[in-house]
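Position 1 is the first residue of the sequence, and the numbers go up from there. Not measured: the values here are computed from a predicted model.
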Amino acid sequence: MSDTTPPSVPAQQPSPSGSSPETHVIDYRAAEQLLAARDPRGAVKLLDSVIAAHPENTAARLLRARAFFAAAQLRPAALEFELVLEREPDNAFAHFALARTHERSGRPEQARKHFRLAAALDPRPDYVAAARFEQ
């Protein structure tokens, strides 16, 4: 099972670089706030160190993918969403977000595939509408 929670590790001494597990949790939460405040580039900067320390953390990767998308950095966003889906193929939101990324990148066929997967995994009205099953 993959880790979909913010990075958390039992307390320990800071690493030589000055970062600690607690710092990573703080950085993750701060990145959430920056993204909510429409500063996706600031969020990416914070998440880079979190992911370097916790590359397996799906929540951090998903948040960084969202930040890349918000910053219109579509290729890095797609790569992060794809990494999340390798670990969590049943993540409907990641499929939906990857579809939006493909859509913005001018790749409608790839977008349709992921819109339909998102709707099949979670029949939320917005996912179903985007899937355009009638076409």
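Shown here are the side-chain hydrogen bond (donor to acceptor under 3.5 Å, both in side chains) partners of R124, two or more places apart in sequence or in another chain: D126. Legend: residues meeting side chain to side chain contact (heavy atoms under 4.5 Å, CB included) with A97, ordered by chain and number and at least two apart, are F81, F93. Partners of L79 under the side chain to side chain contact (heavy atoms under 4.5 Å, CB included) rule, at least two apart in sequence or in another chain, are R75, E82. Scored by the ring pair (Phe, Tyr, Trp, His ring centres under 6.0 Å) test, F115 finds F96 as partners (sequence neighbours excluded). Legend: residues meeting ring pair (Phe, Tyr, Trp, His ring centres under 6.0 Å) with H95, ordered by chain and number and at least two apart, are H114. Residues meeting the side chain to side chain contact (heavy atoms under 4.5 Å, CB included) test with L74, sequence neighbours left out: F69, T101, R104, S105. Considering only residues two or more places apart in sequence or on other chains, P108 meets the side chain to side chain contact (heavy atoms under 4.5 Å, CB included) condition with none of them. In this view, E103 and R100 satisfy the side-chain hydrogen bond (donor to acceptor under 3.5 Å, both in side chains) rule, not counting sequence neighbours.
For the pair L62 and V84, the tightest heavy-atom approach, listed with the atom from each and the gap, is N-CG2, 3.8 Å. Closest non-hydrogen pair, L35 versus A70, comes out as CD1-CB, 4.0 Å. Across A131 and A119, no two heavy atoms sit closer than the pair CB-CB, 3.8 Å.
Atom CD1 of I26 is separated from atom OG of S20 by 7.0 Å, given to the nearest 0.5 angstrom. Here the straight-line distance linking atom CG of L63 with atom OG1 of T58 works out to 12.5 Å at 0.5 Å rounding. To the nearest 0.5 Å, the span separating CG on L98 from CG on L83 amounts to 11.0 Å. Atom CG of residue L117 and atom CG of residue D90 lie 11.0 Å apart, to the nearest 0.5 angstrom.
Of the residues R112, R107, K113, the one that meets the side-chain hydrogen bond (donor to acceptor under 3.5 Å, both in side chains) test with H102 is R107.
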Review item, side-chain donor-acceptor pairs of residues 38-53, under 3.5 Å, at least two apart:
residue, atom, partner, partner atom, Å
D39, OD1, G42, N, 3.0
D48, OD1, R64, NH1, 2.7
S49, OG, L46, O, 3.1

- Message: Working note: E22 + H24, criterion side-chain contact (heavy atoms from CB on, under 4.5 Å); need CA distance, chi angles, decisive distance, verdict.
- Response: CA-CA 5 Å; E22 293 82 9; H24 298 144; over 6 Å; no

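Residues near L121 contribute nothing to a hydrophobic cluster around it, because no ILVMFWY side-chain heavy atom sits closer than 4.5 Å to its side chain.
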